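Heads up: the structure comes next, in structure tokens.
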Amino acid sequence: MSPRKRPLVSLNSRRKTVEDFFPFNFLPVECQLHVLSFLNEVDKCSCALVCSSWSCLVRSWKLWRVADYRRGIMHLGQEGLLVSNREFERWKAWVHHYTHHLISRHASLLTLKASFDLGDRCNKWGELLSDLLDSVHCIDLGHLDLNWTFTLLEPLDLRIHPSSSSHQESSSHLESICKMDQVTSFQELLAKLTQSCPRISRMKMHFDWSDVSVSLLTQFQQLRVLELKYFWVFKGVTPSTLQTLTDALPNLRSLTLHILVPLRNLGISYTLESPCLEFLDVSPSRGLVFSCLKLPALREFRARKIVRGITLDRRTRLRIQSRWPCLYHVLRDGAPKLQALNNEKLVPTWREDSYSELSAILQQSCYCVQHLDSWLW
């Protein structure tokens with residue numbers, strides 16, 4: 001007896017059955033949005049082309065919580081890249097299209113990452129960011145990563161300039177004006193952020209340490225993680241300015257500083273007090289020396305001694321270094337909960353007796369006479 005044959009089912013009907021009973025469509029809307037939230041911007045737009053229901057899902061503001069203008073060119077590093085004018089215009093068009101896309105989706109931003117030269121009067125990047133903040137929901141923005149000193153892509157300028165001394169002087173003057181424009185535009189954007197995004201808790205950006213900028217920064221009372229990078233400044237960072245900043249941020253838990261102490265201020269030491277600071281990293285700084293720390297909650301500290309390349313006679317060096325206490329004593333007296341120094345875990349008895357590993361760490365980070373002999377050379 002021949003085996004019983006199953007009836008044939010057409011391919012179209014099988015496809016229809018699969019589509020009708022695809023389990024994703026039976027999930028609650030919030031679950032569907034949660035699944036789609038793990039996709040990047042390109043994949044979300046691809047999903048919108050699948051069907052009308054997915055298109056409606058992708059248009060939800062809940063899926064557009066991150067504005068990342070550095071996406072796709074992060075491999076360029078910190079120096080940016082010179083590209084052809086056509087390539088730059090193509091990228092510039094993408095930036096404006098991306099901004100329009102976020103605005104049209106009524107994005108509710110939690111994260112903003114951007115790198116634009118705010119002093120660029122031609123492309124007006126500052127106005128673009130300002131329009132974005134005005135047009136989207138950003139009251140809940142919690143993470144800001146902003147480099148306002150340069151644009152990741154710059155058009156290649158093929159014009160040849162004369163190399164005369166007068167041209168060099170005018171170029172230096174124009175550069176100074178450009179820096180001032182950058183600072184002015186940055187302060188305008190920072191003022192807008194204080195009004196539109198008062199809940200920022202994590203911030204990373206370059207900082208000019210002017211009185212206006214410090215005053216604006218102190219208005220972000222929810223800040224918990226702060227990294228301030230070096231920027232060409234008109235004056236050095238005074239000890240009182242640094243202390244004013246930490247006093248005004250009661251919830252600050254992590255602080256990373258990129259400070260370059262000018263040569264004219266060589267010998268100045270700093271005092272830092274904060275009842276809640278748990279992590280302090282000054283390893284990117286140059287010439288930043290602490291004479292006193294009052295950080296009862298500090299658990300990790302990072303510092304690095306950087307050679308300044310200054311030629312001084314021994315008597316002058318010793319006179320400068322004699323003003324600075326040993327970092328070991330500063331940490332012992334001012335950080336009772338310290339557990340790690342320069343990524344190395346400290347033994348429980350490090351306050352009672354210094355050991356060889358700790359001495360090696362201090363040799364790399366302390367500016368006192370005992371641990372320092374050649375950093376000024």
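None of the values given here were measured: they were computed from a predicted structure. Only heavy atoms go into these numbers, but all of them, side chains included; no hydrogens, no water, no symmetry mates.
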Next item on the list: Could you tell me how the ring of Phe231 sits relative to the ring of Trp148: parallel (under 30°), tilted (30 to 60°) or perpendicular (over 60°)?
Entry: tilted
Note to self: According to salt bridge (Lys or Arg N to Asp or Glu O under 4.0 Å), does anything in residues 82-99 pair up with another residue at least two apart or in another chain? List the pairs.
What the structure shows: Glu87-Arg90
Margin query: Once side-chain contact (heavy atoms from CB on, under 4.5 Å) is applied, do any residues pair with Asn343, and if so which ones, sequence neighbours excluded?
Written below: Glu300, Arg302
For residues 327-336, which side-chain donor-acceptor pairs fall under 3.5 Å, sequence neighbours excluded?
unit_1: Tyr328; atom_1: OH; unit_2: Trp350; atom_2: O; d: 2.9
unit_1: Tyr328; atom_1: OH; unit_2: Arg351; atom_2: O; d: 3.0

Next item on the list: Search all heavy atoms of Leu153 against all heavy atoms of Val83 and return the closest pair with its distance.
Entry: CD2-CG1, 4.0 Å
Counting only pairs under 3.5 Å, give me each side-chain donor-acceptor contact of residues 136-145, with atom names and distances, residues two or more places apart or in other chains.
unit_1: His137; atom_1: ND1; unit_2: Ser108; atom_2: OG; d: 3.3
unit_1: Asp140; atom_1: OD1; unit_2: Arg199; atom_2: NH1; d: 2.5
unit_1: Asp145; atom_1: OD2; unit_2: Arg70; atom_2: NH2; d: 3.3

Margin query: Quick check: closest heavy atoms across Leu338 and Ala340, and the distance to 0.1 Å?
Written below: CD1-O, 3.5 Å
Check: Partners of Glu188 by salt bridge (Lys or Arg N to Asp or Glu O under 4.0 Å), sequence neighbours excluded?
Finding: none
Item checked: Closest approach of Ser365 to Ala303 (non-hydrogen atoms, all atoms of both residues) -> CB-O, 3.3 Å
Next item on the list: Please work out whether the ring planes of Phe38 and His34 are parallel, tilted or perpendicular, with thresholds of 30° and 60°.
Entry: perpendicular
Notebook entry, point to check: Excluding sequence neighbours, so at least two apart, what forms ring pair (Phe, Tyr, Trp, His ring centres under 6.0 Å) with Trp64?
Noted result: His101
Note to self: Walk me through whether Gln221 and Asn251 qualify under side-chain hydrogen bond (donor to acceptor under 3.5 Å, both in side chains).
What the structure shows: CA-CA 7 Å; Gln221 293 294 295; Asn251 296 304; 6.0 Å; no
Check: Would Ser210 and Gln187 satisfy side-chain hydrogen bond (donor to acceptor under 3.5 Å, both in side chains), going step by step from the backbone distance to the final call?
Finding: CA-CA 10 Å; Ser210 64; Gln187 292 173 349; 3.0 Å; yes
Item checked: Heavy-atom closest pair, residues Trp91 and Thr151 -> CH2-CG2, 3.5 Å
